[in-house]
Amino acid sequence: MTDVEVTPGSQAALRRANQQRVVDALRSGGTLTQAELARGTGLSPASVSNIVRNLRAAGTVSVRETSSNGRRARAVTLIRPPGAVVALDFTPDRLTAALGDSQGAVLARESIAYDTGAEPERAVRRAVWLVETLLTRLRVDHATIAAVTASVPGPVDLRTGEIGAVTCMPRWAGFRPAEALSARLRVPVQAENDANLCALAEMRDGAAAGCEHLIYVHISEGVGAGIVVDGRIFRGAGGTAGEIGHIGLDERGQVCRCGNRGCLETLLGSVYLLGMLPQQGEQTPANVAQLVAAAEEGDPGCRRVVAEAGAALGRGLGVLANTFNPELVVLGGELMEAGEALLEPVRRSLELGTLGSALSQMGIVRGGLGDDAALRGALLLAAAAAPET
Ligand SMILES: [Zn+2]
């Protein structure tokens, strides 16, 4: 995602490529002697010796004197990837930190159950602790991190970094997570909406690989979308684009947390779905996974709730299909476990409310990256933001 501005074939490009060969060999082979590195990369022993000296000076590798076949040798170990980046995923009940390489690939992660919505400043302190725990475990010097991206479940105004007024974590409204994280981590941090990051990751490595016009919809407590137009995230003037949970569908419906009535979220969000079920003590599903399992087992109330959720989703997607004409809609979130019980009513309802020309070009698929999508999107964004090493 970042362009290396070096003329191919120039000395600098050659040095960079040779160094990368040594790093790649150490990454896949673990600790290797300099002689093994020379054999493995095809570089001369003198070149390997030079590269290892530079990598050691940069703190990328450690070198230890040893012996191999009775001769003195130098064993080289990769201690941190060059140009490493960090991603943080804030969800209402979990905090995850991941270390990625300069291309945004996941190298390692740490995750804890956490009530993220309760108090944003405390969640930020906990997230910083989690990053430091991860880096200590990997023996990566915190000063070498090039960039950090935080995924948050709400709209982010890119001009101010502020979380929008309506999110599934109300105490985060008006909070500036990137600013708070950056002050503690002393690294450039950007915050981005989780559905936007999911769209980015699915487009790069998941179900939407190769697509330029796609909409990723995440269905959980809230309902949000990442809209990609011409290969770029469409954010709108203040970062609110994609808040499809607040498309009004039923003027006599329930009042939504946004203050309007009958929003898509009141027909599809997990809290609302569970609230629709008859309350029968322990037999009542307590979460979406239990609701989906009961529907699969043939419970009529649960089947009804899933089918109506699908119909509502289809109506919301119809609005998006007519407006953005995507080639692919990617669906993510726990409710997708319902499979055809959800998708069949989605398709039926789409047919009733979508222009034929928009519908005929549009596929609907399940996300390929599951719960990892936001974290992976955050690593990709951080890698793109990192200065060249
Ligand atoms: Zn609403």
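Atoms within a ligand are numbered from 1 in the order they appear, just like the ligands themselves.
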Protein N, O or S atoms lying under 2.8 Å from the Zn ion (ligand 1), listed by chain and number
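Hits for the Zn ion (ligand 1) below 2.8 Å: H246 ND1, C256 SG, C258 SG, C263 SG.
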
Can you label the angle between the H218 ring and the Y216 ring as parallel, tilted or perpendicular, going by 30° and 60°?
parallel

Is there a donor-acceptor contact under 3.5 Å from the side chain of E327 to the main chain of Q361?
no

Is a side-chain N or O of R315 found less than 3.5 angstrom from the main chain of L249, in a donor-acceptor match?
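Answer holds: yes.
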
side-chain contact (heavy atoms from CB on, under 4.5 Å) between F175 and V124, worked out:
CA-CA 11 Å; F175 183 57; V124 159; 3.8 Å; yes

Grab the two heavy atoms, one from V306 and one from A295, that are nearest each other, plus how far apart they are.
CG2-CB, 4.0 Å

Does a donor on one side chain and an acceptor on the other come within less than 3.5 Å for S151 and D194?
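No pair is found: no donor N or O on one side chain lies under 3.5 Å from an acceptor on the other.
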
